[in-house]
Structures are given as structure tokens and as C-alpha cells.
Amino acid sequence: MKWLSDNKVEYLRVVVSNPDFTSTRYTVVKELGRGGMGVVYLAEDCELDRLVAIKVLNAHEITEERRNRMVREAQIIARLEHPGIVPVHDVGTLPDGRIFYAMKYVRGSRLDEYASQSASLRDRLRKFQAACDAVAFAHAHGVIHRDLKPQNIMIGSFGEVLVLDWGVAKILSDTDDAIEGTVIGTRNYMSPEQARGEIEQLDERADVYSLGAMLAFLLADQPKVSKAAQAICSKAMAQTKESRYSSASELSADVARLLDAEPVSAYRENAVEKVSRWVSKNRFLVLLVLAYLLMRIFFIFTTRP
Amino acid sequence: MSKPLLGIVLGAILGAFDGLTAWFTPAVRDQLGGIVVGSTIKGIIAGVAIGFFAKKFHSLSIGILFGVLVGAFLAFLVALMQGGYYLQIILPGALVGLIVGFATQKYGRTPAAAN
């Protein structure tokens, strides 16, 4: 008997695991990334002549439960029609039984890459707020993401913000979601209750915690972060969910107030801070009034007999 | 506050304040009452014009320019009546117009568009 070399075995493994799209309208261009449940490919939609991203279930995970989970993921994204959520174009089954779904291919960079390109604090907060709005929309439709992190937020080439990877998302009304005790999410961004595997206890506030952790990531390398911004972060990342913002829209509203130099609900400022914020917000008006007063003082002294 | 109302309120306050500064000029101190009333009326007229202009044209730079022109023109008329102190009256008047022009465009409420 002739033994195959390791290289040949590896080659065969790759060939076998590669999805066979010959019966579909798609041609794979390259692999974009791998997740816990599937692989995402860049593919060409030959009928519409455009690029799409296709997520395919892992070859070794073709179980009924995984197939159902993948279809559910596609259905969850499809029901969330929002400019901040990547639209699903198509769902289907490959000849080997693997489920796939095609979605919009987003050109741009991930939020962590965007932040590393020395984006200003203001720009970061704007993008963060847009992500909060998309998540708030999902919450309003009874869906929680459960794996929010900078790597799952894309900044498109037009500056649009898109929340990706709804693979472990949960429809709040569903009861047969996962077994209690299972830890779902990414360690640095998951809420304490999520880390304890309290699946049944998870609600919108678990996503609020993850958004808070994302905000902390965006503020981490900033030289000058206001107390109000820090307070928003702390409130979103409170250990008990009762102490957090009750929703992503509430968090988004506080970030909007921060951007508009308005008082935020998470921080009670003193009189000096109030005046300082007002002056900073109305800098031009203050300069005009000062210029007027200086001019008046100048004329008073120069016209005296 | 609507843009015309904000223009009137600001014009009146700044006009009155502008008039009160005449107290520091001993030569005209005995006419202070008349100066304050006149200056307030001038401020209100400027405020009305600038406020309604801001309601019609939503542009910060054009609003500021209009404010400066109205403020300077009204101040010029006052200086003409005074027969002197042109620079001392026109420059602050123009700056007050600038402030009202800026404030009405920036802080005045724009009515919602009707369907």
C-alpha cells in the first residue's frame, strides 16, 4: 500500500471542504474569513454580474440542527431591513447538503481597522452611534445580536456602518434557542450574564454591555476623553443589567447628546463643567460678544476728552 | 424660539446694552435715556429684518453678511443724526448685527415644512 504525503492529504482536505457552487449562480472568487459556524467567501453572482459575500456552513458540521440554525440566521437578517444591517439576497443548499446564503458584499474596513487609521474621536462616536441605531432596530424587532464587537462592524466605502455576523443572534420570543450554560459570544465583549452562560436571562441589555465594551475600545487610545464619555461607557458596561441603559436606543441618544455637547443622562456635571461645555459649544458666539465688549471698551477710552 | 422672535429679543437686548454704554461718554451722559430708547428701537428694527431674513434664507454666512449690513446701515443713520462719532457708532452696530445674524441662523427654530 502506498501512503499519501502530508501535502497531498492537506490538498485533498481543502478540495473536499471547498463548497461546490457549480449548480448555483455563484462562482467563488476567494475566501474572506472563517467563523465558528461557517466560512464566508467572496463570490460572483453570474446572473446579476455583481460581487456578493456567501456564508457556507462548515463541511464537518452538516447536522440537521446546524442546517436549521443557518437558515434561521438568514431569516433573522432578512427580516431586519435596515441600512445598518447587511441585506441577504439569497439562501440555498449545495449538492453536499450544506446550507449557504448570499448577502451584500461590503467594501470597506472593520471598526477596529477604522479606529486604527487614526479616526478622530468625533468620527468614532458617530460610527458607534450608527451601530447603536442598527442594533436598536434589531431590538425593536425582537432580535438580540449576542456577539457585538468591533470586528463585526463594517464601515463601508461611503462611510455607512453595517452590523455583521448575526450567526448567534436570538429571537427573544424563541424558547428553543440554546442549552442553558452554553457560553455564546466573544469573551472581551460579552456581558457578565452571557459569560456565566445564562442564556435564558439574556435580553437587549446584553447587547448594550457589548456596545459599551466597543465604546471603551474606541476610547482607549484617545488622549482626551471627557468624563461624560467615560460615564456613558461605565453605565453601558455596568455589571448588573438593571444598572445599564435599558436599550441601545437610549445609549444612542446619550451618545448623540455627547456629540451635540448636551448634558448626558449618565453623568451629572457641576456648574463649572456646565459653563465650560456651554462655552465650548458656543465658542463663536462667545468670541463675537467678547470682540464687541473689547471694541466698546476701546472706544470708551479713546473717545474720552 | 422662532427666528424673527429671537431676532427681536436679541436686537432689543443688545440695542439697549449698546445704548447704555453711552454712559461712559460724559459728553452725552445727560441724553442717556433717549440714547437707550433709540438704540433699543434700532436693535428691534435690525432684529426684525435679520430674523425674517433668517426665516427666508437658511444660510449662516449669508445671514451673518445680512446682519452686518443691516447693523452698519442703521448705525450709519444714527451717526448721521448725531453728526459725528461715525466709527464709534457704526463698528459696534455692525458687530451687533453680526451677532444677531449669527444667532438667528444658528439658534432660531425653523418651522417644519408643510406637506
Taking atom CD of B:Q31 as the centre, does the number of heavy atoms from other residues, nucleotides or ligands within less than 6.0 Å exceed 12? yes

Please test B:Y107 against A:L285 for side-chain contact (heavy atoms from CB on, under 4.5 Å), starting from the C-alpha separation and ending with a verdict. CA-CA 11 Å; B:Y107 305 109; A:L285 183 68; 3.9 Å; yes

Might you confirm whether atom NZ of A:K281 has over 12 heavy atoms from other residues, nucleotides or ligands at distances under 6.0 Å? yes

Looking at B:F73, I'd like to know if its CZ atom is crowded, meaning that more than 12 non-hydrogen atoms belonging to other residues, nucleotides or ligands lie closer than 6.0 Å. no

Heavy-atom proximity to chain A below 4.5 Å, by part of B:L95: side chain

Is it the case that over 12 heavy atoms from other parts of the model lie below 6.0 angstrom from the CZ atom of A:R50? yes

At under 4.5 Å between heavy atoms, what parts of residues 287-296 of chain A are in contact with chain B? List them by residue number. A:L288, A:V289, A:A291, A:Y292, A:L293, A:M295, A:R296

Evaluate B:L60 against A:F284 for side-chain contact (heavy atoms from CB on, under 4.5 Å), listing each step before the verdict. CA-CA 12 Å; B:L60 187 63; A:F284 189 63; over 6 Å; no

Quick check on B:I89 against chain A: is it the side chain, the backbone, both or neither that has a heavy atom closer than 4.5 Å? neither

Would you say B:T21 and A:F299 make side-chain contact, with heavy atoms under 4.5 Å? no

